[in-house]
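These notes concern the structure reproduced below.
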Amino acid sequence: VVYFGNSHMADNNSGVHTLSRGIMTWANTQLGWNVLANKGIVNNTVAQILARVNNDLLIFKPDYAAMLMLATNSINQKVPTATIISQLAQLFSLVQAAGIKIITATDIPRVAFNAAQKQSLLEVNSWLLTQASCNTIVADFYSRAADNNGNALPLWLRDGTHLSALGAGTLGLEILAPKLLQDKSTLVPGLLVNVVPKGARLAGTGTFTVIGSTLNMVYTAAADQFALTYTVPKTSLSIGDKIVFEVDVTVTGTGVRNVGIRAQSGAQYVYAMHPSNDVGQYGNWSGRLKTAPITLTSTSISLSAIGITH
């Protein structure tokens, strides 16, 4: 995949942490896709993105082009709606003609958009939703990120325009990742691991339940994490198989943020992280975290929990 577009794509980085503000960064924790390049440029309009398509996207020959929320800067500059739609149609046609599948999404409102700009946004988004096809995946971010008055949800934008970690994480994990997993299923039946860390520093003891077996596990309070090495049963899995970890996590107490898990096999590792807002902290929270597929390179997998204190 190549990330291509404006600052919404430039916001994506190579790793997930509590300040991650890239939607694809969060989505890719569930996908494990290879990112060939990030060609998001701040303040680019649709016209500028279109002008760069050959040198910044097509040259890489990716399977997917992630081009999310492309119209925001054009709308902000009051480019006519019909012009924006025409430019998007040209862009999509060029990408599809190169045999590249498009990942795109409806735009979300800026705080500063006036009534006319909000109307333009609705019209562009309506057109985008009609473009869904076998060659184009369209995620509807607007319906999740805007209220009934067409305003962005509180805390979802960090500066009135760009997403906070809360906004990016929610859209990436709840909206985009499931859509992409349906399109390209890379998952195989994996391990269900139950983890119950308790307390702000994740201190205590507990057990893993792995494919019907119970293994002992000890938390390391001082390090704010626990670790377990799991030996893969030879009867069920072998080198080269892909495994997905699903972890049920419950956190009690306060002061924990960036709750997550990490699975590692050899030099390869994957994460499953729950997003928080930029300055938030967890009180009581529980939920299931699911990693991207990890390929077995040995018969052992290490699983670690992450719980950074505020």
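Computed over heavy atoms, backbone and side chain alike; hydrogens, waters and symmetry mates excluded.
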Would you indicate whether the side-chain heavy atoms of [Y] and [X] approach each other to under 4.5 Å?
X: Ile49; Y: Leu57; answer: no
X: Phe92; Y: Leu70; answer: yes
X: Met67; Y: Val95; answer: yes
X: Val124; Y: Thr81; answer: yes
X: Gln131; Y: Thr104; answer: no
X: Phe141; Y: Leu176; answer: yes
X: Met9; Y: Lys39; answer: no
X: Lys118; Y: Asn151; answer: yes

> Stepwise, does the side chain to side chain donor-acceptor pair (under 3.5 Å) test hold for His162 with Ser7?
Replying inline: CA-CA 8 Å; His162 301 94; Ser7 55; 2.8 Å; yes
Interatomic distance, [X] atom [atom1] to [Y] atom [atom2] [nearest 0.5 angstrom]:
X: Ile84; Y: Ile75; atom1: CD1; atom2: CD1; answer: 5.0 Å
X: Ile102; Y: Phe4; atom1: CD1; atom2: CZ; answer: 11.0 Å
X: Phe113; Y: Asp107; atom1: CZ; atom2: CG; answer: 7.0 Å
X: Leu68; Y: Thr106; atom1: CG; atom2: OG1; answer: 10.0 Å
X: Leu36; Y: Tyr3; atom1: CG; atom2: OH; answer: 10.0 Å
X: Leu171; Y: Leu166; atom1: CG; atom2: CG; answer: 9.0 Å

Which heavy-atom pair separates [X] from [Y] by the least distance, and what is that distance?
X: Asn6; Y: Met69; value: ND2-O, 2.9 Å
X: Ala152; Y: Pro109; value: N-CG, 3.5 Å
X: Trp33; Y: Asn28; value: N-OD1, 2.8 Å
X: Gln96; Y: Thr136; value: NE2-OG1, 2.6 Å
X: Phe60; Y: Ala37; value: CZ-CB, 3.7 Å
X: Ala177; Y: Leu31; value: O-CD2, 4.3 Å

Whether the side chain of [X] engages the backbone of [Y] through a donor-acceptor N/O pair (distance < 3.5 Å, no angle test) should be reported.
X: Gln48; Y: Thr45; result: yes
X: Ser86; Y: Ala82; result: no
X: Ser93; Y: Ala89; result: no

> Could you go step by step and tell me if Thr161 and Val111 meet the side chain to side chain contact (heavy atoms under 4.5 Å, CB included) rule?
Replying inline: CA-CA 7 Å; Thr161 299; Val111 170; over 6 Å; no
> Between Arg21 and Asp159, is the closest basic N to carboxylate O distance under 4.0 Å?
Replying inline: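 So Asp159 does not pair with Arg21 through a salt bridge.
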>> As a quick check of understanding, evaluate side chain to side chain contact (heavy atoms under 4.5 Å, CB included) for Arg52 and Ile41, giving each step before the final call.
In response: CA-CA 10 Å; Arg52 295 192 290 114; Ile41 295 181; 3.5 Å; yes
> Would Ile103 and Leu180 satisfy side chain to side chain contact (heavy atoms under 4.5 Å, CB included), going step by step from the backbone distance to the final call?
Replying inline: CA-CA 9 Å; Ile103 303 168; Leu180 299 182; 3.9 Å; yes
> Just checking, any donor-acceptor pair under 3.5 angstrom between side chains of Asn12 and Thr25?
Replying inline: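 Indeed, the side chains of Asn12 and Thr25 share at least one donor-acceptor pair under 3.5 Å.
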> Are Ile100 and Met24 in one and the same hydrophobic cluster, where Ile, Leu, Val, Met, Phe, Trp and Tyr link if side-chain heavy atoms are under 4.5 Å apart?
Replying inline: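 In one cluster with Ile100: Met24, no.
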>> Pair Ile108, Leu163 - check side chain to side chain contact (heavy atoms under 4.5 Å, CB included), show working.
In response: CA-CA 10 Å; Ile108 65 175; Leu163 290 164; 3.5 Å; yes
